[in-house]
*Asks:* 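Supplied in structure tokens, the structure appears directly below.
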Amino acid sequence: MSIKNRTKIKEALNSTELNRTITVKGWVRTRRGNKKIAFIALNDGSTINNIQVVADVPSFPDELLRHITTGASVSVTGKLAPSVGSGQNVEIHAENIELYGSADPASYPLQKKGHSLEFLREIAHLRPRTNTFGAIFRIRHTMSYAIHKYFNDKGFFYLHTPIITGSDAEGAGEMFRVTTLDMMNPPRTEDGKINYREDFFGKETNLTVSGQLEGELGALALSDIYTFGPTFRAENSNTPRHLAEFWMIEPEMAFYDINDNMDLAEDFLKFLTEFALGHCYDDLLFLNNMYDKELLDRLKSVTSTDFKRITYTEAIDILSSSGVKFEFPNSWGSDLQSEHERYLVERHFKKPVIITGYPKDIKAFYMKQNDDGKTVRAMDVLFPRIGEIVGGSQREDELLKLETRIKELGLPEKDLKWYLDTRRFGSVPHSGFGLGFERMMLFITGMSNIRDVMPFPRTPKNAEF
RNA sequence: UCCUCCUUAGCUCAGUUGGUUAGAGCACCUGACUGUUAAUCAGGGGGUCCUAGGUUCAAGUCCUAGAGGGGGAGCCA
């Protein structure tokens with residue numbers, strides 16, 4: 001019989017078909033008991049809940065039970081039965097126990113009692129075995145699936161944009177260099193610079209900071225596309241909201257204006273929140289009880305409220321007439337600070353806010369210019385606790401305006417020829433946005449540090465595991 | 001990168017105006033208990049006080065530098 005044949009603990013706990021013999025496999029969370037009887041809480045990651053294994057101690061060799069300690073991996077065969085004790089509905093009366101791997105209790109880092117999230121970050125290789133991170137990673141999977149389901153059901157196509165890129169046109173941040181050159185002794189040009197013609201791709205290449213520009217190429221052929229892939233920023237950002245390697249979702253839609261764009265972003269965020277509530281309730285309940293007592297209420301409120309939509313100019317007016325003393329005073333033309341965003345979302349409107357019509361000078365070159373000559377059709381979706389969770393815009397589809405803007409900003413027009421071709425040939429109004437997956441995960445799980453929603457986070461000075 | 005706080009047992013932390021042999025809870029080990037739920041009770045072992053200098057008769061405690069971590073800010077998703 002194949003060793004994979006066993007009942008997942010999630011299925012066993014939900015089973016109504018009792019008094020049958022099953023086999024479960026997993027990792028021991030705790031063991032209690034005395035010389036006559038032992039209670040083993042077993043978890044296999046299929047659910048946050050453990051199954052209780054009851055063992056009649058004299059029936060098993062001392063040598064075996066001695067190794068049934070927190071962290072050990074075992075296979076248990078026995079009768080699934082209604083629990084004699086209270087606290088669980090069913091339990092397994094062990095007939096056979098096989099030890100796969102022991103875990104020395106003196107050196108195994110995970111204990112029965114709570115650990116700090118900071119400590120668990122240092123043992124990221126073992127933290128998936130905790131209740132907290134089991135819950136988070138199950139939710140992370142479910143959200144990934146929900147993203148694909150949402151777009152697939154809407155007729156969007158999943159487009160794979162490049163991870164290695166030769167374009168630095170978006171200027172979204174510092175980039176990681178990709179090279180095969182010998183760093184100790186790189187080839188040089190006659191004037192002493194590094195000669196990238198001899199590099200693997202024959203030019204300077206980097207890890208992508210955004211798939212948007214390539215995403216637009218797809219949208220202007222397939223109508224509606226999305227990307228969902230790893231993204232890299234070499235910024236020296238040390239905050240609970242930034243990673244050097246993160247995952248981003250970037251839908252791009254032909255024949256969408258800024259209002260269609262906002263409608264999609266709001267519907268998408270609500271769908272993901274509802275999907276989490278509907279499919280991860282046990283895990284969310286655990287996080288709600290252990291970390292954030294308002295989590296479930298906050299998630300439910302987002303699904304049932306309309307996001308407030310205001311312009312940048314209106315936002316500035318609200319802030320100036322609020323009477324609140326901000327550390328950084330605001331005036332028309334300067335970007336909103338974190339404290340301003342938090343005021344609008346958490347105190348003034350008390351719901352998600354979408355801000356549009358930003359001054360063109362604080363936004364990217366590709367955003368659609370309004371007729372006032374001052375603002376662009378950008379949109380930022382601001383969430384409670386998180387701040388900016390989505391950034392997007394209607395794109396500039398007029399060739400002349402786009403070329404002029406590129407010249408004003410001194411961007412390398414030559415490197416953007418392929419991008420400008422989409423405006424030269426069959427240009428259409430189109431829009432898109434980017435959602436930081438881990439920022440969405442912060443919102444869904446109620447965690448406060450982005451390093452706790454990524455299995456193996458990469459941050460400045462940290463690439464462990 | 002800037003500001004700020006922190007670093008003492010496996011984990012979470014206490015440690016007074018600088019003063020004998022650095023403590024607690026949990027974890028771990030041993031023992032007790034026929035059904036426990038973060039089991040309980042009794043006993044036991046366990047320390048490079050982050051690192052390197054310095055001040056002092058004396059430093060976990062004061063000073064300087066460095067490393068690591070938390071929070072806030074900037075950049076952004």
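Naming: A, B, ... by sequence-line order, numbering from 1 per chain.
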*Asks:* Salt bridge between A:R405 and A:E396, side-chain N to carboxylate O under 4.0 Å?
*Replies:* no

*Asks:* For nucleotides B:A39 and B:C28, find the distance between their P atoms and express it as a whole number of Å.
*Replies:*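 Straight-line distance between the two P atoms is 9 Å.
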
*Asks:* Between A:S116 and A:T459, which is nearer to the 5' end of RNA chain B once each is assigned its nearest nucleotide?
*Replies:* A:S116

*Asks:* With hydrogens left out and only the distance checked, is there a donor-acceptor pair under 3.5 Å joining A:H242's side chain and the base of B:C76?
*Replies:* yes

*Asks:* Send over the distance from A:E122 CD to B:G10 P, rounded to a whole Å.
*Replies:*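 It is 13 Å, rounded to the nearest whole Å.
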
*Asks:* Of the candidate nucleotides B:C26, B:G69, B:G74, which contains the atom at the shortest distance from the side chain of A:E118?
*Replies:* B:G69

*Asks:* Can you check each nucleotide of nucleotides 33-40 of chain B against protein heavy atoms at under 4.0 Å and return B for base, S for sugar-phosphate only, - for none, in 5' to 3' order?
*Replies:* BSBBBBB-

*Asks:* Taking the six-membered ring for Trp, are A:H148 and A:Y158 closer than 6.0 Å centroid to centroid?
*Replies:* yes

*Asks:* Please measure how far the C1' atom in B:A59 lies from the corresponding atom in B:U8, and state the result in whole Å.
*Replies:* 14 Å

*Asks:* Do the side chains of A:R140 and A:E438 get close enough for a salt bridge, i.e. N-O under 4.0 angstrom?
*Replies:*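 Yes, this pair counts.
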
*Asks:* Say we look at B:U17 and B:C3: how far apart would their C1' atoms be, to the nearest angstrom?
*Replies:* 31 Å

*Asks:* A:E464 CD to B:G68 P: how many Å, rounded?
*Replies:*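 Roughly 12 Å, once rounded to whole Å.
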
*Asks:* On a whole-Å scale, what distance lies between the C1' atoms belonging to B:A22 and B:U48?
*Replies:* 14 Å

*Asks:* With rounding to the closest Å, how many angstrom separate the C1' atoms on B:G45 and B:C26?
*Replies:*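 Comparing C1' positions in B:G45 and B:C26 gives a spacing of 16 Å.
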
*Asks:* Do A:T130 and A:H115 have side chains that get closer than 4.5 Å, going by heavy atoms?
*Replies:* no

*Asks:* Test for a donor-acceptor pair under 3.5 Å between the base of B:G10 and the side chain of A:Q111, counting only N and O atoms.
*Replies:*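 Pair found.
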
*Asks:* Can you figure out which of B:A77, B:C11, B:G70 approaches the side chain of A:R451 most closely?
*Replies:* B:G70

*Asks:* Does the side chain of A:V54 come within less than 4.5 Å of A:I37's, by heavy atoms?
*Replies:* yes

*Asks:* Is it the case that A:S144 and A:H141 place a side-chain donor and acceptor less than 3.5 Å from each other?
*Replies:* no

*Asks:* Do the non-hydrogen side-chain atoms of A:T356 and A:R377 ever get within less than 4.5 Å of each other?
*Replies:* no

*Asks:* Check whether any side-chain nitrogen or oxygen of A:S237 sits under 4.0 Å from OP1 or OP2 of B:C76, and answer yes or no.
*Replies:* no

*Asks:* Could you tell me how far apart A:R66 (CZ) and B:C29 (C1') are, to the nearest whole angstrom?
*Replies:* 12 Å

*Asks:* Send over the distance from A:K461 NZ to B:G66 P, rounded to a whole Å.
*Replies:* 14 Å

*Asks:* For nucleotides B:G60 and B:A9, find the distance between their C1' atoms and express it as a whole number of Å.
*Replies:* 14 Å

*Asks:* For A:D335 and for A:P240, find the nucleotide of RNA chain B with the closest heavy atom, then tell me which residue's nucleotide is more 5'.
*Replies:* A:P240

*Asks:* Please measure how far the C1' atom in B:G10 lies from the corresponding atom in B:G47, and state the result in whole Å.
*Replies:* 12 Å

*Asks:* In whole Å, what separates the P atom of B:G15 from that of B:A42?
*Replies:* 26 Å

